[in-house]
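Bear in mind that the values here come from a model prediction, so they are computed numbers and not experimental data. Only this structure's heavy atoms are used, side chains among them; waters, hydrogens and symmetry mates stay out.
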Amino acid sequence: MQSALTIDRERIATAAIDPTAIREQFPILSEIVYGKNLVYLDNAASSQKPLAVTQALDKYYASQHANVHRGVHALSDRATEAYENARKLACQFVNAEHVREIIFVRGTTEGLNLVASSYGRHRLKPGDEILVSEMEHHSNIVPWQIIAEQTGSRVRMIPMDDSGQIIQEEYLELLHEKTAIVAITYVANSLGTVNPIKQMTQRAHDVGAVVVVDAAQAAPHLEIDVRELECDFLTLSGHKMYGPTGIGILYGREELLDAMPPYQGGGEMIKRVTFSGSEYAEIPHKFEAGTPNIADSVGFGEAAKFMWNIGFDAIASHEHQLLEYCHERAEEFSDIRIFGMAPQKSGVFAFEIDGIHAHDIGTIVDREGVAIRVGHHCAMPVMRHFNVAATARASFAVYNSIEDIDRLFDALDNARELFNG
Amino acid sequence: MQSALTIDRERIATAAIDPTAIREQFPILSEIVYGKNLVYLDNAASSQKPLAVTQALDKYYASQHANVHRGVHALSDRATEAYENARKLACQFVNAEHVREIIFVRGTTEGLNLVASSYGRHRLKPGDEILVSEMEHHSNIVPWQIIAEQTGSRVRMIPMDDSGQIIQEEYLELLHEKTAIVAITYVANSLGTVNPIKQMTQRAHDVGAVVVVDAAQAAPHLEIDVRELECDFLTLSGHKMYGPTGIGILYGREELLDAMPPYQGGGEMIKRVTFSGSEYAEIPHKFEAGTPNIADSVGFGEAAKFMWNIGFDAIASHEHQLLEYCHERAEEFSDIRIFGMAPQKSGVFAFEIDGIHAHDIGTIVDREGVAIRVGHHCAMPVMRHFNVAATARASFAVYNSIEDIDRLFDALDNARELFNG
Amino acid sequence: MMDDLKALYQEVIIDHSRSPRNFGSLESANCSAAGVNPLCGDELTLHCILDADEIIQDIRFVGRGCAISLASASIMTEMLRGKTKTEAEKLFDQFHARVTGTADGPLVDIGKLEVLSGVREFPTRVKCATLAWHTALAAINKTDEQVTTE
Amino acid sequence: MMDDLKALYQEVIIDHSRSPRNFGSLESANCSAAGVNPLCGDELTLHCILDADEIIQDIRFVGRGCAISLASASIMTEMLRGKTKTEAEKLFDQFHARVTGTADGPLVDIGKLEVLSGVREFPTRVKCATLAWHTALAAINKTDEQVTTE
Ligand SMILES: Cc1ncc(COP(=O)(O)O)c(C=O)c1O
Ligand SMILES: Cc1ncc(COP(=O)(O)O)c(C=O)c1O
C-alpha cells in the first residue's frame, strides 16, 4: 500500500464514474443534517434509491396496478406483465438459466429462511451437517440453527483467519459425506471479504452437499453469475442494491425447487384446494403464496437496470478506488485498526480507534453529517473472533466520492479531540 | 328489496361520500382502456392507491431512508421513527392494546402462515383439531393443512348454508375440547358475508381454542377492533385497503406471541448469536427477521390515515348503497344469479349469468373499460358448494359511484347480445 | 360493440361451446389426461385411442369451461381424429403461433381452427384456447402429470 | 465542533469511562443481573448486596461499552451505594425523565447524574445511558431474566 503522501488523486479523478452526476439521481443525498451536507457511508446496511426506482413505483401505481395472475381485465394484465418482466430482469441479473428459477422474497433473510425451512425439512436427516462460515451475517446462521434443531442435524462453523478469510484447509477438513448443506456469504458485510464461491462450491459438490450463497453484499458490487458459480441457491436483497425495501430474490436450481415442499401456503401457489387436500402450482408460483409485492418487484427490476447502465466494471473500479483511498488515509493514523484485510475485498472499511468505542465514533461523526454504521453488524461471531463488542464501518456506493472519505476522516479527528484532546 | 323503477337516486346522491372528489386522489382512475374511461370494480382483489400513499413513499425515499433500529446516525433515526410510527398507526387501526402486539408482514397470507407455523408448531398435538369455515380464502386453508400434516392434527370444515352464512349450529357441534384453533374470515371475499366474529370467538374460548381472524376483506370496509372482537390473532393486507403492495399486519395477543417460537430467523430478531445457540429478541422484533419493508410500512400508515379521514361510517354507508343499488339493478334481469345473500354483507357483488361463463363475461366487460374479477376467487370450496367453476365479482371502494355500476350493467348487455344474439 | 369482441365470439364459437362435439367419456381409451386452467378453475379431461401407428382413432373430452375453451376442445377433437401424433403436434404449433400472434412467414392454413384466431387480440385468453391442446398432447404422449396452463 | 457533542462528552464522562468506579465482581453479592444493548452488542453484568432493609450495601459491575454506558454505570454505582431500593427507583425515574427530555415541572436535583443530561440531545443514545439502570433495577428486584434496552 502506498503511503498517504503519494495518494494519486488524478488516477481517482479519471475513474469511469462521476459521482457528482450520479448524485443528482439521488434526492436524499442533498439532505442537510445538523447543518451539514449529508455524507452517506452506510450503504452495506441499505443503499439510497435513484429517481429511476422511485419513479417506477409511482408509474406502476398511477397506471398499472391491480392484482396479478388471475385477472382478465386490462390493469391486471398490465400488472402481471410488469411483475413477470421484473422476474425476467432478476433472472438476467443473476444469469439464471430459467425464469422460473427466480422467486421473489422480502429479502435475503426470507430467502435463506425459505431454503432452510423448505429444502432443509425435505432433505436433512439426524446427524447431517450444515456448514456455515464464521463470517456469516446472523441471517445465514439462525435459520440453520432453527432447522437443525427441528431435524436433528447440526450446524458446524467454518473458521476464518485474522485477515478475515475462510480457512480453506479447515473447510476441506469439515466437508464429508454427512455434509448436506454449505451456507456461505459471497461478500462478508462486517469485513468486505469476497469469498471464493466457485471453488468452495465445487468442493461441496464433491461430497454431495448443496451450496447456498448469501449474496446480499455481493449484489451491489459484483456481477453475479449463478451458472459460473455453479451454486445451488443464491439470494439477495433489493434494498442494498439501489432498489426498494421489502423485495429480494431467491435463485434455486430447477430440480431442487421442483422437489421441495412449498414454504408458505395460500393463494397463487395452488392448483386446486379441497378440504381433503391441496395440489400445488409449478415453480416459481409454488413459492409465492399470496399477493406478491408487485410494485417493489418492478422497482427491483429498475434497480437492476440502473446498475447495468453504470456497468459492473465501472462500479467495481470506482468502489475499489474509494476503498484503497480509505486504507491509504488510515495509514496516517497509528490509532486505527482495520478489520478485514483479505486481498479480495469489496467496498467495506471496518475499523476501530484506540480508546474510543465505535458507538461514540458513530455519534460524533454523525454530527458532522457523516453516516456510518457502528455495532456488531449482525455478525456477532466476527466480533467475538476479534474480541471486540463493536466496530465502526464505512461502506461505499456509486455515489460516494473521495471527498466523502475526507469528510469521514475529518470527523474522526473530532472524536480524537473529544476523547484525547 | 325495491324494484328497479323506484331506485332512490337522490338518497344515494346525498351520501356522505363524494366519489368524484375522492377520485381525484387516485391518478389511475383517469386511465383510458380500449378508449373507455376505466371503471375499477376489482377492489376485493386489490384496491388502488391515493396520492397520499404514493407521496409518502416518495417522501420516505427522498428524505428518510436508511436501515432501521441499529443505526446511530440521523437517517437511521428518521427511518426507525417513521417505521415505528407506522406500527403505532397500525395498532390504532385495529385498536390493539400494545404496540408490540403488531407485527409487520407481507400480507394476510404471510400473517396466516406465521400463526399456523409458529403458534401451530408450538401448540398442536396429534388429534387436535383446527376448524376452518367453508367460505375461507385458500390462504386460510392451505397453511392449516400444511401444519396439520406436520403435527398430526386435523383440519375440519365448518359448513355454510346457501345464503353464504356459516351454519352456527354446526359450528357449535364441531367445537369440543380437541379444538385448538378456529380460523375464520371476517368478511368472505367470494360472497361478501360478514361473519359474527365476536360471538364465534366467545364460543371458541369456551372450549379453550384460540381464534385467528382473516381480516383481509374487512380492513377496507369495517372499523376493526380486536379488543371488542376478543380474537387472539387477526391479520390483514395493506394492498386491499388503499396501501402499497408487500405490506400487511398481524395482530397477536401479547401472551401468545411471547410464548411462540420465532417464525423466520436472522438479523433484528435476535439478542445474541453464537454457534452454540441464539437468544431471541422481544416481540414484535422476534417476528420481524431481516430488514423490514420500511417504506411500505410507512405507506400502510398513510393508508390508515386516508381511511380515517373519510371515516368508517361514511365508507360503510357509501359501499352499502352501491351494493343495494347493484342488487336492485340485478332484479331487472331474470338471468342473473347472485352468490351471497347474507343479511350482513359488505361490498361484494358476486354473480353469474345464465349460459355465459364468468370468464367470457370478464373479457367482454373489460372491453368496455369495466374491470371485474372472474374465476374461483381463491375460494374453490365456495365454488364447489354452489357447483360452479367460476363466478363474476364486482367489489367496491370509496371511489366507486352509481355510474360505475350502470356502466357494469350496460357492459353485461353486450355479453348477452354476443351470446344470445 | 367492439369488432375484436365480435371476432372472438363468432357464432361458430358460441355454437361449439353450447353443443360441444365429441363430448363424453371413452371407455376403451388407452390414453387420458386432465388439464386445469388455474385462472378460472376450469377443468377438462381428455380421453383418446391411439393405435399402434400412433394414429388418433378416437378422441373425446369432458369438463366445463368458458366459451373459448369449450369451443377449442370441441373443434380440436373434430380435427384430431384420424391424425397421427406428429401431425397433431405440428397442428398445435401452428395453432399456437396463430393465437399468440407469433407466427412468422405466410399464414398457414389451419382449417377450422381459424375461427379461434380472434384470441390473438386477447392475450389473457390464450390459456383458454390452448388448454385442450396441452391436455391432448399430454394424453398422447402418455404424460401422467396433470396439465396446467401456467 | 458542536456544543451538544461537547456537552455529551464532558471530561467527567470520558474520565469515568476510562476508569470506571466500582468495576469488578462481588463475591458476596446476593443479587445480580445481566444487561445487553442490542444496538451495539455491549454487555454489562451487575452485582449487588441488598440488605434486609432493602438498602444497597454494595454494588459493582463488569462489562464493556461505549463511553456513555460505562460512565453511566460508574456514576450510578457511586450514587446507589447506601440508597434503598425505593430511592434507587425514584432516582432512576428522575434520571430517565431528564435524559429523554420528558421531565415536566421544575428540574429536580439529580446530583452527579447531571453530567449525563447531554444525552437528551442524542435520542439514539438514551439506551446507552440507561442500560446500567435497567440492569440494576432488575438485579435489586431479583428479576432473573436478562435485560435488554429494546
Ligand atoms: C379473505 C381473504 N383472505 C386472504 C387473502 C390473501 O391476501 P394476500 O393475497 O394479500 O396475502 C385475501 C385476498 O386475496 C382475501 O380476500
Ligand atoms: C451478508 C448479509 N446477509 C444477509 C443480510 C440480511 O439482509 P436483509 O436484512 O435484507 O434480509 C445482510 C444485510 O443486513 C447482509 O449484509
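- With a 4.5 angstrom heavy-atom cutoff, B:Pro244 touches chain A via backbone and side-chain atoms both.
- B:Val298 does not touch chain A: none of its heavy atoms, backbone or side chain, sits under 4.5 Å away.
- Remark: A:Gln150 engages A:Arg121, A:Ile146, A:Ile147, B:Arg121 in a side-chain contact (heavy atoms from CB on, under 4.5 Å) (not counting sequence neighbours).
- The greatest number of non-hydrogen atom pairs below 4.5 Å with chain A, out of B:His137, B:Met269, B:His239, is found for B:His239.
- Among the candidates A:Ser63, A:Gly362, A:Gly290, the residue making the largest number of heavy-atom pairs closer than 4.5 Å to chain B is A:Ser63.
- Heavy atoms of B:His65 lying under 4.5 Å from chain A belong to its backbone as well as its side chain.
- Looking at A:Asn113, its side chain never comes within 3.5 Å of a backbone N or O of B:Gln264 through a donor-acceptor pair.
- Proximity to chain A (any heavy atom under 4.5 Å) is restricted, for B:Leu75, to the side chain, taken from C-beta onward.
- In this structure, CD1 on B:Ile28 lies 8.0 Å from CD on A:Gln64, to the nearest 0.5 angstrom.
- In terms of non-hydrogen atom pairs under 4.5 Å with chain A, the most contact-rich of B:Ala45, B:Pro261, B:Ala116, B:Ser117 is B:Ala45.
- Using a 4.5 Å cut-off on side-chain heavy atoms (C-beta onward), A:Leu57 and B:Thr54 make no contact.
- With a 4.5 Å cut-off on non-hydrogen atoms, B:Phe26 does not touch chain A at all.
- Checked by atom type, the side-chain pair B:Gln145/A:Ser278 shows a donor-acceptor distance below 3.5 Å.
- The aromatic rings of A:His73 and B:Tyr40 lie perpendicular to each other, with more than 60° between the two planes, well past the 30° mark.
- Top candidate by heavy-atom pairs under 4.5 Å with chain B, chosen from A:Ile270, A:Val155, A:Leu114, is A:Ile270.
- At a 4.5 Å heavy-atom cutoff, the contact between A:Ile32 and chain B is made by backbone atoms alone.
- Per-residue heavy-atom pair counts under 4.5 Å with chain B were compared for A:Gly107, A:Gly277, A:Ala379, and the maximum is reached by A:Gly277.
- In the model, A:Asn293 has a side-chain atom that pairs as donor or acceptor with a side-chain atom of B:Thr245 under 3.5 Å.
- Of the listed residues (B:Ser297, B:Pro143, B:Ala62, B:Pro27), the greatest number of heavy-atom pairs within a distance under 4.5 Å of chain A belongs to B:Ala62.
- Across B:Trp144, B:Tyr263, B:Tyr34, B:Tyr61, the residue that shares the most heavy-atom pairs under 4.5 angstrom with chain A is B:Tyr61.
- For the pair B:Arg78 and A:Glu31, the minimum side-chain heavy-atom distance is below 4.5 Å.
- Residue contact with chain B, scored on non-hydrogen atoms closer than 4.5 Å, involves the backbone of A:Val68 exclusively.
- Each of A:Ile372, A:Val365, A:Asn140, A:Ile247 has some count of heavy-atom pairs under 4.5 Å with chain B, and the biggest count is that of A:Ile372.
- Within the model, atoms OG1 of B:Thr109 and CD of A:Glu268 stand 8.5 Å from one another, a figure rounded to the nearest 0.5 Å.
- For the options A:Ile294, A:Thr363, A:Thr291, A:Val273, heavy-atom pairs under 4.5 Å to chain B are most numerous at A:Val273.
- Interface remark: A:Arg367 contributes no atoms to any contact with chain B (heavy atom separation under 4.5 Å).
- Across B:Gln48, B:Glu110, B:Glu149, the residue that shares the most heavy-atom pairs under 4.5 angstrom with chain A is B:Glu110.
- Taking each heavy atom of B:Ser139 and A:Gly267 in turn, the nearest pair found is OG-N, 3.1 Å.
- Of all heavy-atom pairs spanning B:Val72 and A:Val374, the tightest one is CG2-CG2, 3.8 Å.
- Take B:Asp366 and apply the salt bridge (charged side-chain N to carboxylate O under 4.0 Å, His left out) test, not counting sequence neighbours, and it matches no residue.
- Contact count against chain A (heavy-atom pairs under 4.5 Å) is highest for B:Thr274 among B:Thr274, B:Thr108, B:Val132.
- In this structure, A:Phe275 and B:Ser133 approach most closely via the heavy-atom pair CZ-O, 3.6 Å.
- Look at A:Glu288 and B:Arg106 and you find no salt bridge, because none of the NZ, NE, NH1 or NH2 atoms lies under 4.0 Å from a carboxylate O.
- With a threshold of 4.5 angstrom between heavy atoms, B:Leu41 does not approach chain A through any atom at all.
- The line from CE of B:Met380 to NZ of A:Lys271 is 11.0 Å long, rounded to the nearest 0.5 Å.
- Heavy-atom contacts from other residues, nucleotides or ligands closer than 6.0 Å to NZ of B:Lys36 number more than 12.
- Interface residue B:Ser47: only backbone heavy atoms are found under 4.5 Å from chain A.
- The shortest non-hydrogen separation linking B:Arg373 to A:Asn67 is NH2-O, 3.6 Å.
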